Every structure is written in C-alpha cells, then in structure tokens.
Amino acid sequence: MTASNEPSAPPAKGGPKESPSVPIRLRPARAADVPALVPLLLRLKRLNEEFDPLLKVRDDAEAQAAQVLKAQIADPKAVVLAVEGVGADKDKVVGVVRALVRERPFYAPPQEGVILDIYLLPLYRRRGVGEFVLRETSEALRTKGAGVVTAEFPAQNEIAQRFYAKRGFRPITEIHARPL
Amino acid sequence: MAESTAAPVANGREPRRPARSEKSAAADRRVADRREDETEALGRRAVELAQFYAGKIETVPKVPVRSLHDFALWYTPGIAAVSRAIHADPDRSFELTGRWNTIAIVTDGSRVLGLGDIGPQAALPVMEGKALLFKFLGGVDAVPIPVEAAAPDRLIATVEALAPAFGGVNLEDIASPKCFGILERLAERLPIPVWHDDQLGTAAATVAGVINALALTDRSFSELRTVLLGAGAANLVTARLLVALGHDVHRLTLVDQKGILSAERDDVDELMLRNPWKYRLALATDGGGRTGGLAEAVDGADLLLAASTPVPGTVRPEHVRAMAPRPIVFALANPEPEIWPDVARSAGAAIVATGRSDFPNQVNNSLIFPAVFRGVLDARARSIPDAVVLAAARELARHAADAGLTPEHLLPTMEEADVFPHIAAAVADESVRLGLARSKHSHDEFLALARSRMGRPAALARALARAGLIPPMPPERVRRKRSP
C-alpha cells in the first residue's frame, strides 16, 4: 500500500459516514511530523502511567518515541496518522494514531490490525473526531490486509473500554502482568 | 470558606519591589500573632465547654404528654394509622412527621475545617456546631451523621439509605474533588435537596458579593474578565455560577498551583481521570486565552477571586496594579487572606472582600445555608438546582443594595438578620417556579413561614435558659495567658 491510499478527511469511500463536529484533517504522518507527534505520544504514555505502575514512562521515552515513530512511518506494515486542525489550528498537529498489521499464525483471519495509540488533544475529544479516526484507521489496516482490528490500552482505562465497546469491540485476549 | 488546595506561584514578570515597607510587614506579623493567640484561647475554652455540656444539641418533645396514656396516640396502637397513610402516599411523610424540617449533616471527615482528613469521630463536634447553626439561624432540625465511608460509593449508598428520614441533606467537610461526584450523584438519585456548603454556600455568597461589586463599579457580567485563583470546590462552582449569570466562559482564567489552567496544560489528561470537573472547566475556559501564571492571568482583569492558600503575599500589590482600572479583589483564604485588604486597596483595588468578620465585606456562607434550607424545606422541594442557588445569591445581594451599597458594605453582615427569611422566601419562590416544590405558597406566605420558623429556636433556648434547663456557661478555668 502506498501512502496515497491512506485516509484523509473527508472519507472517499465506504458507507455514509458521520463527520466530526470539529473540522480536522487526517493524513499519513511524514518524517517531518515526528517532532510534533512526539509530545502527543508522550502525553498518551503519561496518561497510561496513571493506570498502572508497570506502565511507568521511561526517562528516555522522548528519544524512544522519536525513533519508533520514524521507523513506523517508513514501515509499510504500520499506520501512523497525523490529525491536523483547521481554521485557527491550521497546520497544528492535534492528534496522533499509531497502528500496525500483525501476523496471526494460528488463527483466522491471519492478519490483525492492532491500534496501539490514538491520542487527541482535549479540545478535539467528544466531538466525533475519535470515531472518525478509528474508522479511517480501521480502513487503512484493512487495506494492508488485516481481517480483524484490535486495540491495546491499559486494563484500567475505563474511558477507552467504553469508547471501543460502543463501537463493537470486545475483549478477546487479556494480558496479565507481575513484576520480576 | 476558602480552599486550601492551591498555592499559586506567579511566574513570568519580575516583581516590582519594594511592595511593602518593613513596618507594615511587621504589623502583619503582629496581627497574625494576635490572631493565633486568640484562636488558641478560643480552642481551650471550646474544649472546656465541650466537656461541661457534652454535646450541643438534643432532641426534645414537641407534643404534650399528659400521661403515659397519650403514648397510645404518639406511639402504638394509634400511630399505625399514620404509618398506613404514609404507606399509601409516601409524600405525606412530609406532613405527618418531622421529616419536613429535618435534615442530615453528613460527612466522611475527609476535609474537616483546615484540619484535613481527621475521620468521622473527630468531625462530630464540628457537625454538632453546624447543627446548632442550622437550628439557630434557620430553625432547621439538623442531625449530625459522620459516617465511616472512605469510598464515595459507600457514602452515597449510606446517604441514599438514610434519605427516607430526612427532608434534605447537607454534605459537609468532604474532600475535593470527590465531593463533586458525591453531590452530583446524590442530587440525581434523592427526592430531596442535597447541598454541599463548601461548594454551593461559599460560591453563592461569593457571587452575591460579585453582583454588588459590579453594580458599584458599573460593570456587567458579559464584559467581565475574571481570574479565579485556586481551583478547589468553591471556585469551580463559582465559575459555573458566573457563567450562568452571563459571564463569557472564554474570559474566565483559572489559576492553580501549576499556573493558568488551559486545555493543553501538561497535566490535563491526569485531571481528566482525577478531577473531571476541573478538567471540563480547563477545556471550557482554556485559560481565557492565556498561558503562564498569576501575573499573566491578572493583566487587565476586572475581578480576582482568590480562594487558595491562607498566605498573605500569594497575591501581591503588583498583581492588583496590573488589573483593569478600579479592580475588584476577593481574597477569601482563611484565616489569612491571600492579600491584606489595606495592601490591596493601596495597590488600587476599588473593592476588597475577604472571608473574615474583622474586615469589611465578609463573604460568609453562614449568610446562605440556613436560609437556603429554610426555603427548600418550607417548599418541600425535591432538589436545589443552580437556579435556586442563584436566587439565594441575588436576594443576598439585593438585601445589601437596599441598605445602601458602598465599597465597605458589599454584603449584609450577620447582624442584618432580616436577610435570612428573605433569602428563604426567594429560595422557596424559585423552587415553586421550577416545579420542584411539594408545598406551594405565595411569597408573603413563605416569608411569614420563614420568619416564624426561624424565630422559634431562639425563643425556645431563652425559655429553657430561664427555666435553668440550659445551664449558664461555667466560668473560664484556664485564664488567657498574656503574651509578653
């Protein structure tokens, strides 16, 4: 899949789609976006830290974030999207999406689109942006071969649980942890 | 009165020194020392009296008992018919029992006065004192109920279970931010009014002061730029009430110990989880379009509402000087305001209010809560929405205005006792208007009801004291020591 097949608002195909009530532009991230994406990704990781001490953010997380984003932007099996504001927030990156396609050697369908991170700045929440972003990300993952879409988030994050449950997601795998 | 959650530190601008002379700083210290001595002496005396009286309220009969035979009426078998009547129509519990005039004062002891989380037992004397205030000022029978319930769900379930006995619930001394969720959920579930004084009482008294301060300085809510310093229970509700009165939410700037609260501040996601009420206000105000600290916030502001830390100097003269011409400053921290009134005035403040009775313009929730409960109980109201809180605030403001507004007389004092029945009647009227009243009367009827019901406790106490049934206060055992 080439970058030109990635989603941008408004969506070109699929059924009738509700647009977010706040105007945004969704586009594939470029290497040049990394400096703007890193702080957003770190905000999300710090939010995750609130849910569990085993999600403590590393001291070098900033450098890691830049590296991971750069690598995934170049990776054809990954989806990294930038949410841009319009109007007063034109050209400002107000959200980030990170997802990838993972093999499922034992299960059907054989490829799974995993949403690792969706982060939106607070003023872009609860206005349909998340819904739109999720739909477009799912579509991007589908075009990369995924037959199922999954989302990973901290077990205690009830806001994420509700967000995904409302949109037809159910828990299929649980990850339990204890420190060693 | 004020919140103790925020310790804002101004950043950005260099302070213009010297702000105050050494002499006046020394005077401040003397005032503070003297006040500390007084508080200590009052504390010793309070312990003595608590020991002597062993409690401040008791239940007394309000019906004649001519002989034990009368219990066939007051109790079984006669009383069964009363129970049947209520069973058939539960709202008749407001007519046939004392429910109409009885409220629960509920606390978990998690934020008692300035003492912090001292637990329910230690909160009991404070709740008793509040019950006494309710009785004396409002004619309300209030039952202190400190509960062992650290988790909000447990407190909520407990209060819900107790509700059939009461005509209202006063939540008291519950820590922020859990107090917001507790009030919200109880107000939603219970068929009776629920009030949290630290949120609503303080905010209503503050808003009343603001209404009059605007009148005195020819301002209106729609063009006002306001800074709220401290983002605890009272200020978050004050912000909500200001917006309800027509304040542009984008011209409100909240400042807490981390600076201006904006939608993209680093800790905003944490707030979303820990304090959704503050989070929502962060999004709605978005710093009033500003970032930085108190210095950036006050620049050109008309009104500063400080309810933060009791540290004079939290607000500095240069902050006041940076405000719009004829600025209004409310420094509500107790016992020591964020800036002393004389300092604020010499820095140009046109109007200064504090939480203290020894300065002019005390913003005092005791002017609000007894009357609000008198009003909702007289109307047998089902709830207390913000419109009712605002009706109380407006009436309080009007009462001061009728007596003549000056920069030194912004709000009625506790001595202007006639304000209480008027607030009660305004609250009852608004409850009727909103369709929340089980008992509907005209304004004059509500006013007369409030007057007679508020007058009863003092008459009772006088009669009991005359009969020697309330013993006079014993002489002070521990003499106040004089500081050298």
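Each chain gets a letter, A, B and so on, in the order the sequences are listed, and its residues count up from 1. What you see is a predicted model; the values in this text were computed from it and never measured.
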Tightest non-hydrogen contact, residues A:Pro122 and B:Ala263, listed as CG-O, 3.1 Å

Is the closest side-chain heavy-atom distance between B:Val268 and A:Leu121 below 4.5 Å?
no

To the nearest 0.5 Å, what is the distance between CG on A:Leu123 and CG on B:Leu283?
4.5 Å

Less than 4.5 Å apart, any side-chain heavy atom of A:Arg46 and any of B:Asp266?
no

Which atoms of A:Ile159 come close to chain B, meaning under 4.5 Å heavy atom to heavy atom: side chain ones, backbone ones, both, or neither?
side chain

In terms of heavy-atom contacts, does CZ of A:Arg126 have more than 12 from other residues, nucleotides or ligands at under 6.0 Å?
no

I'd like to know if B:Arg274 and A:Glu50 make a salt bridge, using a cut-off of under 4.0 Å between side-chain N and carboxylate O.
yes

When the 4.5 angstrom heavy-atom criterion is applied to B:Asp267 and chain A, the contacting part is neither

Which bit of A:Tyr124 comes within less than 4.5 Å of chain B, counting heavy atoms only: side chain, backbone, both or neither?
neither

Counting only heavy atoms not in A:Asp60, do more than 12 sit closer than 6.0 Å to its CG atom?
yes

Has A:Lys70 got more than 12 heavy atoms of other residues, nucleotides or ligands less than 6.0 Å from its NZ?
no

Answer yes or no: is there an ion pair linking A:Arg125 with B:Asp269, defined by an N-O contact shorter than 4.0 Å?
yes

Inspect the surroundings of CZ in B:Arg154 and state if more than 12 heavy atoms from other residues, nucleotides or ligands are less than 6.0 Å away.
no

Can you tell me which portion of B:Arg265 sits under 4.5 Å from chain A's heavy atoms? Options are side chain, backbone, both or neither.
backbone

Could you check whether atom CD of A:Gln64 has more than 12 heavy atoms from other residues, nucleotides or ligands sitting under 6.0 Å from it?
yes

Check whether more than 12 heavy atoms from other residues, nucleotides or ligands sit under 6.0 Å from atom CD of B:Glu184, and answer yes or no.
yes

Salt bridge flag under 4.0 Å for residues A:Lys92 and B:Glu264:
yes

Does atom CD of A:Gln156 have more than 12 heavy-atom neighbours, drawn from other residues, nucleotides or ligands, at distances under 6.0 Å?
no

